[in-house]
Amino acid sequence: SALGQRSTEAQRGAARFLRDAAKSRVVLHAFRDGFFPTEWAQIKETFEGLRAESEPDLIFTHFREDRHQDHRVLSDLTWNTFRDHQILEYEIPKWDGDLGRPNVYVPLSPAIARRKVVGLMAVFASQRSKRWFSEETFRALLRLRGIECGVDWAEGFYGRKVVVA
């Protein structure tokens with residue numbers, strides 16, 4: 001099933017991303033793809049459960065202006081639930097053309113930029129049929145974000161509230 005494939009991809013992606021983490025825990029839930037706005041209450045309860053059992057240092061969520069309805073719900077609920085946490089919103093290049101102007105940049109070495117693109121292509125097989133899902137797209141975005149912050153390669157994020165301690 002599509003849900004099974006997306007779950008497997010999420011687990012594989014998390015394993016790659018967290019491979020050097022001292023400690024990690026991946027929690028997946030099954031909500032109906034494309035229907036998150038109609039499942040708001042159930043997803044909100046799930047978020048509140050996560051909040052009650054964790055105290056994350058940094059949270060990554062979708063960009064608030066992402067046009068995909070599921071992505072917007074997750075972004076809104078992240079901010080609604082984790083009000084006192086450091087949150088960075090990430091962007092996903094896609095057909096909607098909803099990229100914005102990031103205000104937080106993380107420079108990447110050429111090796112890390114390459115590893116990110118290779119990882120995306122290796123993990124998210126369910127997206128390969130989409131025209132925007134290509135190595136060229138991801139390299140181009142990393143290069144553009146690099147240009148914007150004065151390096152060769154960078155990841156761009158949106159930080160609505162950034163606290164520097």
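Just the heavy atoms: all of them, side chains too, but no hydrogens, waters or symmetry mates, feed the values below. All residue numbers refer to positions in the sequence shown, counting from 1.
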Transitively linked via ILVMFWY side-chain contacts under 4.5 Å: [X] with [Y]?
{"X": "I59", "Y": "I92", "value": "no"}
{"X": "W40", "Y": "I43", "value": "yes"}
{"X": "F133", "Y": "L142", "value": "yes"}
{"X": "F60", "Y": "L50", "value": "no"}
{"X": "Y90", "Y": "L58", "value": "yes"}

Working to the nearest 0.5 Å, report the span between [atom1] of [X] and [atom2] of [Y].
{"X": "D76", "Y": "F47", "atom1": "CG", "atom2": "CZ", "result": "10.0 Å"}
{"X": "H68", "Y": "L74", "atom1": "NE2", "atom2": "CG", "result": "9.5 Å"}
{"X": "E48", "Y": "L77", "atom1": "CD", "atom2": "CG", "result": "8.5 Å"}

For the student: nearest non-hydrogen atoms of [X] and [Y], plus distance:
{"X": "A154", "Y": "R145", "result": "O-CB, 3.3 Å"}
{"X": "L18", "Y": "S24", "result": "CD1-CB, 3.7 Å"}
{"X": "V26", "Y": "A14", "result": "CG2-CB, 3.6 Å"}
{"X": "R83", "Y": "W79", "result": "CG-O, 3.5 Å"}
{"X": "R143", "Y": "V151", "result": "NH1-O, 3.6 Å"}
{"X": "V123", "Y": "R12", "result": "CA-NH2, 3.5 Å"}

Verify, without hydrogens or angle tests, whether [X] (side chain) and [Y] (backbone) share a donor-acceptor contact under 3.5 angstrom.
{"X": "E9", "Y": "A125", "result": "yes"}
{"X": "Q69", "Y": "G34", "result": "yes"}
{"X": "S75", "Y": "H71", "result": "no"}

So [Y] and [X], do their side chains get closer than 4.5 Å, heavy atoms only?
{"X": "K161", "Y": "I87", "value": "no"}
{"X": "R114", "Y": "R139", "value": "no"}
{"X": "R25", "Y": "E53", "value": "yes"}

Discussion item. Show, in sequence, the C-alpha distance, side-chain angles and deciding distance for L141 and E91, and conclude whether the side chain to side chain contact (heavy atoms under 4.5 Å, CB included) test is met.
Written reply: CA-CA 10 Å; L141 185 58; E91 55 193 353; 3.9 Å; yes
Practice prompt. Given side chain to side chain contact (heavy atoms under 4.5 Å, CB included), test F138 with K116 step by step and report yes or no.
Written response: CA-CA 9 Å; F138 295 117; K116 177 183 172 79; 5.9 Å; no
Please tabulate, for side-chain N and O atoms in residues 97-106, each donor-acceptor pair with protein atoms closer than 3.5 Å (sequence neighbours left out).
| unit_1 | atom_1 | unit_2 | atom_2 | d |
| --- | --- | --- | --- | --- |
| D98 | OD1 | K94 | NZ | 3.1 |
| D98 | OD2 | R67 | N | 2.6 |
| D98 | OD2 | K94 | NZ | 2.9 |
| N103 | OD1 | G159 | N | 2.8 |
| N103 | ND2 | G159 | O | 3.2 |
| Y105 | OH | P102 | O | 3.2 |
| Y105 | OH | E148 | OE1 | 2.8 |

Worksheet item: Of R64, R160, H62, which meets side chain to side chain donor-acceptor pair (under 3.5 Å) against E89?
Response: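 Among R64, R160, H62, the one meeting side chain to side chain donor-acceptor pair (under 3.5 Å) with E89 is R160.
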Discussion item. Using the side chain to side chain contact (heavy atoms under 4.5 Å, CB included) criterion, which residues pair with W95? Sequence neighbours excluded.
Written reply: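 Result, side chain to side chain contact (heavy atoms under 4.5 Å, CB included) vs W95: W132.
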Fill in: Steps toward side chain to side chain contact (heavy atoms under 4.5 Å, CB included) verdict (V162, Q86)
CA-CA 7 Å; V162 177; Q86 195 77 286; 4.2 Å; yes
Discussion item. Tell me whether the rings of F31 and H29 are parallel (<30°), tilted (30 to 60°) or perpendicular (>60°).
Written reply: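 Plane angle between 30° and 60°, so tilted.
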Item to complete: Let me see the working for V118 and R16 under side chain to side chain contact (heavy atoms under 4.5 Å, CB included), right down to the final yes or no.
Response: CA-CA 11 Å; V118 166; R16 285 178 86 108; 4.2 Å; yes
Worksheet item: Is the CZ atom of R32 crowded by more than 12 outside heavy atoms at less than 6.0 Å?
Response: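 At most 12 heavy atoms, drawn from other residues, nucleotides or ligands, come within 6.0 Å of this atom.
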